[in-house]
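Step one of this worksheet: look at the structure below.
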Amino acid sequence: MVVICEKPSVAKRIAQALSTHHQNNNYSDKPLDQEQKDQSPASPASSTSFTTIKGMNGQNYIICHALGHLYGLSDSKKGNTKVFPVLDPTWLPLSILKSKGSASKFLSYKIDKILREISEISKNAAGFIHACDYDQEGEVIGYNILEHTCHNKYSISKRAKFSSLTDEEIIQSFNNLLPPNEKLKDAGVSRHMIDFIYGINLSRALTNSIKKESSREKKGYRQLSIGRVQGPTLAFVIEREAEIENHIFEPYWNVRADFLKNNQTIRTQYYPQRIDSKSTAENIINACKNQLGKVTDINIQKTSIKPPIPFSLGDLQKEAYRLFRFTPSYTLSIAEKLYLGALISYPRTSSQKLPSSINYEKIIKAVSKLVDNNLHHNSSYGNKTKSILSYSNISSKLLSNKVLKPNEGKETDPAHPAIYPTGEKPKRNLEDSEIKLLDLIIRRFFSSFGEEATSSQISVTITVKDKFTFKAEEKKIVFEGWIEYYRPYFDVSGFVILDSLSFLKRSDILRNVKIELLEKFTQPPPRYNQSTLLQKMEKEKIGTKATRSEIISTLFKRNYIDNYVPSASNQSVTYNSKIVSKSSPNSSIQKEQINKDEFSGIQRSGLRPTEIGIAIVSSMKKYIPNIVSTSLTRDMEAQLEQVESGNTTSVQVVDKARNQIKEAIQSFNLNESKIGQEISLALEANRTTSPRPTSTAVVTLGTCPVCKSGKLTVKKAIKSKKRFAGCTNYSSAKCLATSSLPQKGIIKSTGKKCEKCSWPIISASGNNQGRRYQWEFCINSQCPLKLSSSNINNQDNSSKQI
DNA sequence: GCAAGGTC
């Protein structure tokens, strides 16, 4: 019997489970190649990609493994990207499709070798068992091998259905083989077809649309792309940017007060914290200043903090970003290296569970023997090194417990447990990034077995004149539990070491010694970073655990998004300017720096759409709106479920996609030159303004027509936050030239002057409910041209849609 | 050259 597995690690596991000779029942995700090298270091190259074993019933099994997909859809009209739509792609071996590029060359070689071997073995096979992951993709992987490599054997093959890799379940599945799940296969093949038909054709259409423009201007080839996952992901970034641009900063006020007792200062906040009117806040201050307050309530609340759950890939990517600022794709690439070095289990997992079959005790013991000296010198530990427990310390603490039971999350995975360390010793020197990530995985694994921590929050209420309520709050850890194991990575912000409130008693009288008004503003949502964008994709269920980070990287590669990092000087100008220093001369209201966390540039920094990214989405919204919303995925999933349940056929579903794309491409072609111009314009804008002007960068619009020596630049009014044009000689030569500017969109200099009044003519562009606009106009509101012709007076009327 | 999906 020929057994087809999806990947080496599973093939090895199945071989162990089925083999009567193997007594080793421990579940291991160690890569097969690694095992083979361990056993026969002299001839790893000549080793075959299959294993022959005798099963318990005397049956011979030849266990083969794939490397994920061995076949991929390909344009049947091959190569000519001007020809589209392509509506009937065919399956071709990936060793042919992937042969270019040195990184994948080795993989191509391996795939080619596997295909040749399976083809040879299948000639004399008594039967075929499809033992790939029991999900849509797994079914397609096995289907293609059985159909194309084994010569049309899918329909006569048997399906082994298992969802965990325990001996028991594997043996059970081989004793109860099922017929192939054709409907699952149909759904999977349809998914490939739909993604190909939409992705390839629209990407070609987009790329083609700018070819004429770029060849006219003798610009080089530029690849554009869009797809079912790329589109919505890019749209998330654009939607967020629009929210930020359209945000209205509404002021509100906080009152902070210090009370004195036994020479100790108690810092408090007025409650409710948010005060919507300044006069109300000032009344509070006037009423409470220098008054006595009484402790009316002391509330101590203990909360348990559960141990962290073991890592799924997404969790690991999130944590590595938080701690080390590793991007998700970088984290995946390091995790893969650790996996190939047999140091951690399979990383492409969505599971947050650790089955007991991995043998907790064995792993904890093995990890305890790992040398962690190098880890202790790790710079990521900073100066916390002294308080950090070694692996062996943690290990003996855990093993002294009666039961070993990890705290698990609710996510599962059809084929793998959560990520855990294997306890193997590294066979080479690890790079810094590998050491960091491995240490994180090890400490997370340990921590998940730890005891619950306990925190205690004390909240003291102080009331002035029986009416005004102030609260002081502090939180501290009273029992560390698992935090001890996760110490270098536990976020201690928000906790104090010693509380300064517990000496207070009910009815204590305190004197107010300081009270101050803080003006704050409602904040727009923060920009996404690579970690939060990935989480958004997880939440919206687009992409897969293994591909999400790659798709974010693609958006960077296409220059659809960029990373905005405000400079330090901009931060101080922009954010500190919001600090309220308004205090009437006679009042003791203090000038106060506002909370750094709330206004730090960190929140502002993040992913922004580029001009070209915005242009792509706005064109797509006009012609193929589905591709930039998650509705295509939703709709497709619903239809594929119908295929899976047999209520519709693959042919119907794929035909529908074909018809939709035919229509879309027709409409696209009719408007091709318009689209091409629009995107080319955005490309141009990207080139000339990189880095793009932002509200914090200095944008010069032209020479000041009033003093003739200064420049008019875009400024932001401190109080109203509105942007306007002002002269650079404002402070030095008291030139008061100003003019109002549109509050939304991007403003650029055109270099032109108004013929009538010689004020600068500027360009403003942006996006209004998905429609791009751009217009040029003289910024002088008193310009004789505007005053004489009322129809240009309204900027919206003079804007031209492009 | 292009999608999204799987993998060493």
Side-chain angles (χ1 to χ4, degrees), chain A residues 5-11 30-34 36-37 44 49 65-75 77-86 89 91 94-95 97-98 100-101 103-111 113-114 132-133 135-145 188-208 211 220-233 332-333 335-342 346-348 415-416 537 542-551 554 557-558 627 632-633 636 657 661:
Chain A
C5 303
E6 184 160 324
K7 46 188 168 273
S9 58
V10 175
K30 213 171 150 184
L32 191 64
D33 280 9
Q34 188 65 36
Q36 286 171 346
K37 275 177 208 159
S49 56
H65 65 79
L67 292 172
H69 280 289
L70 299 185
Y71 292 82
L73 284 179
S74 170
D75 180 355
K77 293 184 190 70
K78 262 181 227 156
N80 190 349
T81 55
K82 278 178 195 146
V83 183
F84 63 89
V86 181
W91 294 102
L94 285 178
S95 47
L97 299 175
K98 270 193 174 176
K100 283 165 200 162
S104 58
K105 230 175 177 172
F106 187 49
L107 214 54
S108 283
Y109 164 79
K110 281 187 175 175
I111 290 173
K113 184 162 170 281
I114 290 168
C132 298
D133 295 357
D135 55 25
Q136 205 171 272
E137 289 305 317
E139 193 66 25
V140 176
I141 289 168
Y143 160 77
N144 275 321
I145 296 169
V189 170
S190 308
R191 203 279 304 152
H192 279 263
M193 296 287 278
I194 293 169
D195 277 348
F196 186 100
I197 290 169
Y198 272 90
I200 299 291
N201 292 313
L202 292 178
S203 296
R204 284 185 187 176
L206 279 173
T207 307
N208 238 36
K211 262 186 189 160
Y221 180 87
R222 171 145 191 156
Q223 183 66 56
L224 299 176
S225 69
I226 199 75
R228 178 178 52 82
V229 184
Q230 278 182 43
T233 307
L332 175 56
S333 74
E336 269 170 353
K337 282 198 253 175
L338 293 174
Y339 165 67
L340 294 175
Y346 191 74
R348 287 183 224 92
H416 300 281
M537 294 168 80
I542 55 166
T544 68
K545 55 192 183 285
T547 57
R548 287 182 187 118
S549 62
E550 213 176 296
I551 280 159
T554 303
K557 199 168 119 196
R558 300 266 178 269
I627 201 79
L632 181 61
T633 293
M636 186 188 80
I661 209 71

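Residue numbers start from 1 in every chain, and the chains themselves are labelled A, B, ... in the order their sequence lines are given, proteins ahead of strands.
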Return the nearest nucleotide to the side chain of [X]; candidates are [options].
| X | options | result |
| --- | --- | --- |
| A:I200 | B:dA4, B:dC8, B:dC2 | B:dC2 |
| A:I141 | B:dG5, B:dA3, B:dG6 | B:dG6 |
| A:K7 | B:dC8, B:dC2, B:dG5 | B:dC8 |
| A:A546 | B:dG5, B:dG6, B:dC2 | B:dG6 |
| A:L67 | B:dC8, B:dC2, B:dG6 | B:dC8 |
| A:S225 | B:dC2, B:dG5, B:dG6 | B:dC2 |

> How are the rings of A:W91 and A:H69 set to each other: parallel, tilted or perpendicular (split at 30° and 60°)?
Replying inline: parallel
>> Would you call the rings of A:Y339 and A:Y346 parallel, tilted or perpendicular, taking 30° and 60° as the class edges?
In response: perpendicular
> Nearest-Å distance, CG (A:L332) to P (B:dG5)?
Replying inline: 14 Å
>> In this structure, how many angstroms lie between the C1' atom of B:dG5 and the OH atom of A:Y143, rounded?
In response: 17 Å
Distance below 4.0 Å between [X] side-chain N/O and [N] OP1 or OP2:
| X | N | value |
| --- | --- | --- |
| A:R204 | B:dA3 | no |
| A:R228 | B:dC2 | no |
| A:T544 | B:dG6 | yes |
| A:Y346 | B:dT7 | yes |

> Just by distance, with hydrogens left out, do A:S225 and A:Q230 show a side-chain donor and acceptor under 3.5 Å apart?
Replying inline: yes
> Does a side chain donor of either A:E137 or A:H192 reach within less than 3.5 Å of an acceptor in the other side chain?
Replying inline: yes
With a 4.0 Å cut-off on heavy atoms, is [X] in touch with a base, just the backbone sugar-phosphate, or nothing at all?
| X | result |
| --- | --- |
| A:R548 | nothing |
| A:T547 | base |
| A:Q136 | nothing |
| A:G138 | nothing |
| A:L70 | nothing |
| A:R348 | base |

>> With nearest nucleotide decided by heavy atoms, which residue, A:N201 or A:E6, maps closer to the 5′ end of DNA chain B?
In response: A:N201
>> Using modelled atom types and a 3.5 Å cut-off, is there a donor and acceptor pairing between side-chain atoms of A:E6 and backbone atoms of A:G68?
In response: no
